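Numbers for residues simply follow the sequence, beginning at 1. Here the structure is a predicted model, which means the values were calculated and not measured.
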Amino acid sequence: MTDTIKTDVIIVGAGPVGLFAVFELGLFDMKCHLIDILDRPGGQCAELYPEKPIYDIPGWPTITAQGLVDKLMEQIHPFKPDFTFNRMVSSLEKLEDGSFRVITDENEVFEAKVVVIAAGGGSFQPKRPPIPGIEGYEGKSVFYSVRRMEDFRDHDLVIVGGGDSALDWTLNLQPIAKSVTLVHRRPEFRAAPDSVNKMYAMQEMKELEFLVGQVSGLAGADGQLSSATIKGGPDGDVEVPCTRMLPFFGLTMKLGPIAEWGLNLHENLIPVDTEKFQTSIPGIFAVGDINWYPGKLKLILSGFHEVALMAQAAKRIVSPGERIVFQYTTSSTSLQKKLGVH
Ligand code: FAD
């Protein structure tokens with residue numbers, strides 16, 4: 001085991017909500033250490049839809065998901081948070097003095113008076129479609145998310161699925177791909193009607209191809225696809241050119257080790273109160289997509305609100321007896337000093 005890393009607050013998950021927690025906790029002088037399974041900050045925003053625009057972040061009429069993560073990183077910079085990436089928090093236990101010990105899958109040990117679980121849907125993994133031999137192409141020519149649109153430029157792209165991700169990427173990648181074939185087992189979609197209408201209009205214009213059916217076989221060599229066979233449609237088996245494939249069969253949200261931390265759970269989510277966003281164990285808070293309370297909406301802005309209230313309660317644990325003064329960043333010179341703007 002390595003030396004124990006001590007901090008004020010350990011944040012499990014560096015998604016948008018975990019990141020903004022650093023800001024709110026920082027305003028109360030609490031030092032944070034974030035731990036994430038992914039190799040960079042941003043959670044779902046960075047991993048699943050970095051280049052998609054988000055339209056419901058207050059004050060940003062439109063901002064890409066990665067743009068939001070970049071802005072959050074800039075905003076929390078004055079508080080100098082520590083990050084440990086590529087690590088899963090595997091255990092969490094309460095110590096005799098009331099603080100907590102967190103251990104990662106690489107046996108790093110962290111201790112803090114407060115733990116904030118900002119773990120989103122837990123460790124999420126894409127569902128693999130039942131296509132023989134697909135494993136050999138994964139990460140080389142079959143991808144389950146779009147990290148960089150440029151990786152699809154000038155490729156014969158086959159997108160499989162009938163939800164928003166499949167439709168959105170069909171529309172977004174069509175202008176740069178060499179060809180786009182959308183494959184779905186039915187002509188009805190589970191996606192925004194506007195996207196579906198746009199897709200059908202583009203099909204009319206022969207800008208893309210939509211095939212009803214299922215991918216039944218792949219051809220290629222050394223992980224590089226060359227074609228895919230689609231079966232089940234009105235024309236029988238059809239072979240289409242395919243050098244990149246994006247299957248969107250949804251994600252398996254695995255709560256992972258969090259289920260073993262002794263917390264009360266509600267359908268794989270962590271129930272919290274709506275005053276402090278504290279879990280069934282005092283000193284452990286849960287914010288963002290991972291928590292549950294009546295009326296909960298899994299929106300980024302909900303998580304931002306939650307961390308503001310959580311930070312006040314966390315301060316009472318980290319610095320008991322210290323007076324908490326409500327202040328505006330606009331008018332408080334002490335807050336502005338912390339932000340480095342005064
Ligand atoms: P996440 O972003 O899920 O981050 C959680 C992090 O915790 C992950 O990085 C994960 O790796 C890490 N983690 C989990 N378990 C562990 C562990 N044991 N150890 C270490 N790390 C762990 N929301 C909006 O408000 N507006 C939108 O327009 C919008 N559009 C969306 C579009 C798509 C395609 C998707 C998928 C989501 C969208 N959302 C949108 C939802 C939004 O992305 C989530 O509400 C938000 O990401 C939740 O943030 P979070 O920080 O709680 O969790």
Quiz prompt | CA sep, side-chain torsions, deciding dist, call: Glu138, Arg128, side chain to side chain contact (heavy atoms under 4.5 Å, CB included) | solution = CA-CA 10 Å; Glu138 287 172 351; Arg128 175 184 285 154; 2.7 Å; yes

Do [X] side-chain atoms and [Y] backbone N/O form a donor-acceptor pair below 3.5 Å?
X	Y	result
Ser332	Leu335	yes
Lys315	Phe28	yes
Asn291	Val272	no
Asp105	Met88	yes
Asp164	Ala192	yes
Thr170	Ala166	yes
Thr64	Gly67	yes
His266	Ile270	no

Could you tell me the separation between the [atom1] atom of [X] and the [atom2] atom of [Y], rounded to the nearest 0.5 Å?
X	Y	atom1	atom2	value
Leu255	Trp261	CG	CH2	8.5 Å
Ser319	Met30	OG	CE	7.0 Å
Leu92	Ile284	CG	CD1	4.0 Å
Leu246	Leu173	CG	CG	6.5 Å
Tyr144	Met245	OH	CE	9.5 Å
Met310	Asp273	CE	CG	12.0 Å

Exercise. If you link ILVMFWY side chains whenever their heavy atoms are less than 4.5 Å apart, which other residues fall into the same cluster as Phe326? By chain and number, please.
Key: Tyr328

Exercise. Under 4.5 Å between side-chain heavy atoms, chaining through other members, with only Ile, Leu, Val, Met, Phe, Trp and Tyr counted: pull out the rest of the cluster around Leu299, sorted by chain and number.
Key: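 Once heavy-atom contacts under 4.5 Å are chained together, Leu299 belongs with Leu297, Leu301.
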
Exercise. List for me each residue that meets side-chain contact (heavy atoms from CB on, under 4.5 Å) alongside Glu267, sequence neighbours excluded, and say none if there are none.
Key: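 By the side-chain contact (heavy atoms from CB on, under 4.5 Å) rule, Glu267 matches no residue at all.
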
Practice problem: Name all residues meeting the side-chain contact (heavy atoms from CB on, under 4.5 Å) criterion together with Arg101; count only those two or more places apart in sequence or in a different chain, and write none if there are none. | Solution: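 Once residues adjacent in sequence are excluded, the partners of Arg101 under the side-chain contact (heavy atoms from CB on, under 4.5 Å) criterion are Glu93, Leu95, Ile103, Val109, Glu111.
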
With sequence neighbours left out, which residue pairs that include part of [range] fulfil the salt bridge (charged side-chain N to carboxylate O under 4.0 Å, His left out) condition?
range	result
residues 170-181	Asp156-Lys178
residues 325-342	Asp29-Lys338
residues 275-297	Lys296-Glu306
residues 48-64	Lys52-Asp168

Quiz prompt | Derivation of the side chain to side chain contact (heavy atoms under 4.5 Å, CB included) call for Val89 and Ile35 | solution = CA-CA 7 Å; Val89 172; Ile35 307 168; 3.7 Å; yes

Exercise. Indicate whether the side chain of Tyr49 and that of Gln66 have a donor and an acceptor atom separated by less than 3.5 Å.
Key: no

Just list the side-chain donor-acceptor pairs under 3.5 Å for residues 204-230, sequence neighbours left out, or say none.
| from | atom 1 | to | atom 2 | distance (Å) |
| --- | --- | --- | --- | --- |
| Ser216 | OG | Thr229 | O | 3.4 |
| Ser226 | OG | Ala219 | O | 3.2 |
| Ser227 | OG | Glu239 | OE2 | 2.9 |

Let me check something: do [X] and [Y] share a hydrophobic cluster, defined by ILVMFWY side-chain heavy atoms less than 4.5 Å apart, either directly or through other members?
X	Y	value
Ile54	Val307	yes
Val183	Ile159	no
Ile63	Ile300	yes
Leu171	Val158	no
Tyr137	Trp169	no

Any heavy-atom pair between the side chains of [Y] and [X] that's under 4.5 Å?
X	Y	result
Val12	Val115	yes
Phe249	Pro130	yes
Leu182	Met199	yes
Leu25	Asp8	no
Thr4	Lys6	yes

Practice problem: Test Ile317 against Phe285 for side chain to side chain contact (heavy atoms under 4.5 Å, CB included), laying out the working first. | Solution: CA-CA 12 Å; Ile317 296 171; Phe285 299 83; 3.9 Å; yes

Exercise. Please list, chain by chain and in numerical order, all residues satisfying salt bridge (Lys or Arg N to Asp or Glu O under 4.0 Å) with Asp151, sequence neighbours excluded.
Key: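 Only Arg148 meet the salt bridge (Lys or Arg N to Asp or Glu O under 4.0 Å) criterion with Asp151.
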
Exercise. Determine, stepwise, if the pair Tyr293 / Phe277 fulfils ring pair (Phe, Tyr, Trp, His ring centres under 6.0 Å).
Key: CA-CA 9 Å; Tyr293 51 85; Phe277 299 94; 5.5 Å; yes

Residue pair [X] / [Y]: nearest heavy atoms and the distance that separates them:
X	Y	answer
Ala118	Ile11	CB-CG2, 4.2 Å
Gly18	Leu34	O-CD2, 3.7 Å
Leu19	Gly42	CD1-N, 4.3 Å
Ile258	Ala119	CD1-CB, 3.5 Å
Gly121	Gln44	N-NE2, 4.3 Å
Pro16	Cys45	CG-SG, 3.9 Å

Quiz item: Which is it for Leu27 and Thr329 under the side chain to side chain contact (heavy atoms under 4.5 Å, CB included) test, yes or no, and what are the steps along the way?
Solution: CA-CA 9 Å; Leu27 290 180; Thr329 53; 4.3 Å; yes

Quiz item: Partners of Asp235 by side chain to side chain donor-acceptor pair (under 3.5 Å), sequence neighbours excluded?
Solution: none

Quiz item: Does a salt bridge link Glu47 with Arg40, judged by any charged N lying under 4.0 Å from a carboxylate O?
Solution: yes

Quiz item: What is the ring orientation for Tyr200 with Phe189, classed by angle as parallel under 30°, tilted 30 to 60°, or perpendicular over 60°?
Solution: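 Geometry flag for Phe189 against Tyr200: perpendicular rings.
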
Show every donor-acceptor pair shorter than 3.5 Å between a side-chain atom in residues 73-85 and any protein atom, with sequence neighbours excluded, or say none if there are none.
| from | atom 1 | to | atom 2 | distance (Å) |
| --- | --- | --- | --- | --- |
| Glu74 | OE1 | Lys71 | NZ | 3.4 |
| Thr84 | OG1 | His33 | NE2 | 2.7 |

